[in-house]
Undergrad: 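Below: one structure in structure tokens.
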Number of protein chains: 2
Amino acid sequence: MVTRERPTLEAVARRAGVSRATVSRVVNGSTSVAASIREAVNRAVEELGYVPNQAARSLVTQRTESIALILPETANRVFSDDLFFPAIIRGVGGELEAADKQLVLMMAGSAKSHDRVERYAVAGHVDGVMFASMHGADPLPGTLVRLGIPVICSGRPIGDSSVPYVDVDHFGGVCSAVRHLVAAGRRRIATIAGPQDMVAGIDRLAGYRATLEDSGLAPHVVIGDFTRESGIAAMRALLADDPALDAVFVASDMMAHGALLALKDAGRRVPSDVAVVGFDDFDISRYSEPPLTTVRQPIVEMGRTMARQLLGLINGEPHQADAVVLPTELVIRESA
Amino acid sequence: MVTRERPTLEAVARRAGVSRATVSRVVNGSTSVAASIREAVNRAVEELGYVPNQAARSLVTQRTESIALILPETANRVFSDDLFFPAIIRGVGGELEAADKQLVLMMAGSAKSHDRVERYAVAGHVDGVMFASMHGADPLPGTLVRLGIPVICSGRPIGDSSVPYVDVDHFGGVCSAVRHLVAAGRRRIATIAGPQDMVAGIDRLAGYRATLEDSGLAPHVVIGDFTRESGIAAMRALLADDPALDAVFVASDMMAHGALLALKDAGRRVPSDVAVVGFDDFDISRYSEPPLTTVRQPIVEMGRTMARQLLGLINGEPHQADAVVLPTELVIRESA
DNA sequence: CCCCTATGATTAACCGGTTAAGTTGAGCCC
DNA sequence: GGGCTCAACTTAACCGGTTAATCATAGGGG
């Protein structure tokens with residue numbers, strides 16, 4: 001493995017017959033370099049195939065040109081069944097690429113890796129940190145903010161108002177979903193809620209409760225964990241509790257798919273016996289049996305927005321919004 | 001944004017009453033440091049909350065402790081419908097975390113970003129590079145290898161035998177799948193193949209052709225692109241060509257799901273009228289209607305193996321295998 | 001008792017850039 | 001022509017580590 005000698009600034013300078021400082025200025029596009037010299041330097045750069053050494057540059061600029069995306073799950077759980085993180089990565093990746101920043105991916109499930117993430121960020125290995133969808137009241141984002149590290153969360157952080165975030169309008173989306181069910185004449189509307197240690201789970205349940213109360217209907221809640229399996233189990237539990245239910249709002253498409261399977265298994269027809277509405281609008285909901293009415297949340301756009309906000313923070317742009325909330329939208333298909 | 005002063009080696013050295021060099025040796029776990037001094041240094045490190053500056057370290061060691069994973073698709077296509085990349089990331093991520101290396105994610109769809117990746121790797125920003133599932137005969141991996149940069153591909157690279165890779169036994173998996181169909185008495189066995197600029201597409205089609213020939217049956221091929229939509233379209237085309245076909249091997253689960261939808265739409269029953277076998281064993285195949293018989297490939301394990309092989313290369317371990325091929329396995333459910 | 005060696009610490013050079021401060025020289029004005 | 005300004009370049013200090021070379025000290029052998 002012969003890691004070939006790479007040319008340094010010094011080499012370029014010698015070849016172009018100027019000083020290191022001048023080459024540096026040319027490379028960084030500074031003004032106040034005579035056109036003739038600039039050309040000579042550029043030619044030397046070209047001929048030698050010079051590429052700046054990022055480590056050396058970082059050492060003095062205190063910038064790494066890379067940002068971390070923290071996925072607060074163990075590496076094993078992330079991606080197992082979930083289409084959320086991939087979509088976030090897609091949005092973030094596109095935006096960072098355009099800004100010529102590198103994306104460093106970190107999983108932070110265990111307490112040990114949680115530490116690792118903190119040390120890594122504090123050590124200045126990245127210019128900023130983004131947290132994707134957190135559980136519970138994680139103190140890490142707040143800690144980093146207090147240390148002066150630019151941070152953005154996806155999803156309003158629980159219990160720490162000092163951390164800027166990007167989220168979607170869970171509440172509003174759920175309200176329009178549940179109102180849709182009410183308007184269709186459904187009266188026994190249950191819900192399969194998400195985990196209650198995540199904002200997405202909490203807010204969607206709150207939206208359900210509020211709308212039901214407005215309509216003078218009684219709530220009927222079972223909690224799931226956003227997986228298809230939990231959707232199946234939760235649907236069975238709901239049916240056991242209330243065999244006469246005529247609708248269910250499910251807090252994620254994956255669980256909704258599980259619910260559809262369980263309903264079919266129980267001999268219920270969708271939507272004639274039981275109407276089903278999901279939340280996410282993943283591909284899968286277009287192809288489920290029947291196609292799923294669901295609340296679309298713009299996950300890729302959320303990733304993009306997070307990246308944009310973070311880049312703004314890093315560049316010290318003023319008047320950065322502390323929170324950005326993206327709209328959700330009810331997509332009506334056949335299940336309700 | 002008050003990026004707080006971080007303590008340096010110098011500060012720790014002063015506090016512990018020793019030289020910088022000694023602190024460096026303690027931090028890097030070198031032997032030949034007296035226990036008493038080691039303790040004093042460690043205490044100082046603790047008290048000051050010292051974390052080494054990676055840029056400074058990289059500058060001298062020529063190591064960055066991070067490795068790149070290249071996803072050779074545009075940021076927009078990756079993850080749109082595909083569960084392959086997430087699984088690779090999961091495997092790679094776990095293994096790298098254990099080795100305390102950072103994962104830098106790069107999308108390399110456009111020619112421009114292709115360049116960017118090359119420059120980035122050549123600039124020594126990463127200690128090694130992994131390519132996930134490539135299209136066509138991409139020269140980049142070979143280029144990097146020739147420059148002395150450790151590289152591993154997922155999937156045998158087309159047209160460049162100098163690049164080490166990790167792959168699965170596409171051919172063997174497909175053979176057992178098609179033999180299973182033949183053994184069940186199917187005689188008009190079609191296939192929906194994958195893109196023919198990818199090894200996964202090519203090898204799976206080759207396996208199909210070989211097994212069919214062995215059995216004295218006639219092949220019937222339509223090409224898809226691994227998406228569900230292409231599976232739907234391909235299945236329709238196959239049925240139009242040969243309404244009497246009694247089985248189809250589909251080169252990916254996503255396309256197989258599309259095929260199931262198209263078959264249902266055409267009024268065919270699965271498996272009684274038409275048997276269907278997929279390839280991948282994604283979650284979705286357990287829950288399709290009917291559950292999908294498919295060839296399981298260990299994608300997460302592939303990611304893990306790639307990471308392990310790359311780490312071996314980076315550490316200059318001898319006798320590194322040039323190729324690792326992981327086994328596939330036929331998972332029989334209800335569709336065939 | 002002296003010299004040699006082993007052990008463990010320090011000194012100082014170096015990695016490859018950026019940038020403040022200093023130098024040079026051309027152009028302008030009186 | 002001399003002094004001043006200003007643009008354009010060079011010099012040199014610095015970022016924060018690693019490590020080869022060097023030095024100090026204690027212990028052991030003759």
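Hydrogens, waters and symmetry mates play no part in the numbers below; they use all other heavy atoms, side chains included. Numbers restart at 1 for each chain; the letters A, B, ... are given by sequence-line order, proteins then strands.
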Undergrad: Tell me the interatomic distance from A:R63, atom CZ, to C:dT19, atom P, rounded to whole angstroms.
TA: 11 Å
Undergrad: Could you state the CG-P distance from B:L59 to C:dT18, rounded to the nearest angstrom?
TA: 12 Å
Undergrad: Once you round it to whole Å, what is the distance between C1' of C:dT18 and CD of A:Q54?
TA: 13 Å
Undergrad: Given side chains that start at C-beta, do those of B:D167 and B:M302 come closer than 4.5 Å, heavy atoms only?
TA: yes
Undergrad: Taking atom CZ of B:R63 as the centre, report whether more than 12 heavy atoms of other residues, nucleotides or ligands fall under 6.0 Å from it.
TA: yes
Undergrad: Using a strict threshold of under 4.0 Å (side-chain N to carboxylate O), is an ion pair present between A:R57 and A:E65?
TA: no
Undergrad: Enumerate the protein-to-nucleotides 11-14 of chain C contacts in which both atoms are nitrogen or oxygen and the separation is below 3.5 Å.
TA:
none

Undergrad: To the nearest Å, give me how far apart CZ (B:R57) and C1' (D:dC15) are.
TA: 16 Å
Undergrad: In whole angstroms, how far is the P atom of C:dT19 from the CG atom of A:N28?
TA: 7 Å
Undergrad: On DNA chain C, check which nucleotide each of B:A34 and A:T61 is closest to and give me the residue with the more 5' one.
TA: B:A34
Undergrad: Starting at atom CG of A:L9, determine the distance to atom P of C:dG16, rounded to an integer number of angstrom.
TA: 10 Å
Undergrad: Answer yes or no: is there an ion pair linking A:E95 with A:R90, defined by an N-O contact shorter than 4.0 Å?
TA: no
Undergrad: Looking only at side-chain atoms of B:N53, point me to the closest of D:dG16, D:dC9, C:dG16.
TA: D:dG16
Undergrad: Nearest to the B:S24 side chain among D:dC9, D:dT18, C:dT18, which nucleotide is it?
TA: D:dT18
Undergrad: Apply the test side-chain contact (heavy atoms from CB on, under 4.5 Å) to residues A:K101 and A:S66: give CA-CA distance (whole Å), side-chain angles for both, the deciding distance (0.1 Å), then the verdict.
TA: CA-CA 5 Å; A:K101 298 278 189 271; A:S66 62; over 6 Å; no
Undergrad: Between B:E301 and B:R304, is there a salt bridge with N-O shorter than 4.0 Å?
TA: yes
Undergrad: In this structure, how many angstroms lie between the P atom of D:dA8 and the CD atom of A:E39, rounded?
TA: 15 Å
Undergrad: Check the distance between D:dG17's C1' and B:E65's CD and give it to me in whole angstrom.
TA: 14 Å
Undergrad: Holding to ring pair (Phe, Tyr, Trp, His ring centres under 6.0 Å), I want the full list of residues that pass it with B:Y120, two or more places apart in sequence or in another chain.
TA: B:H125
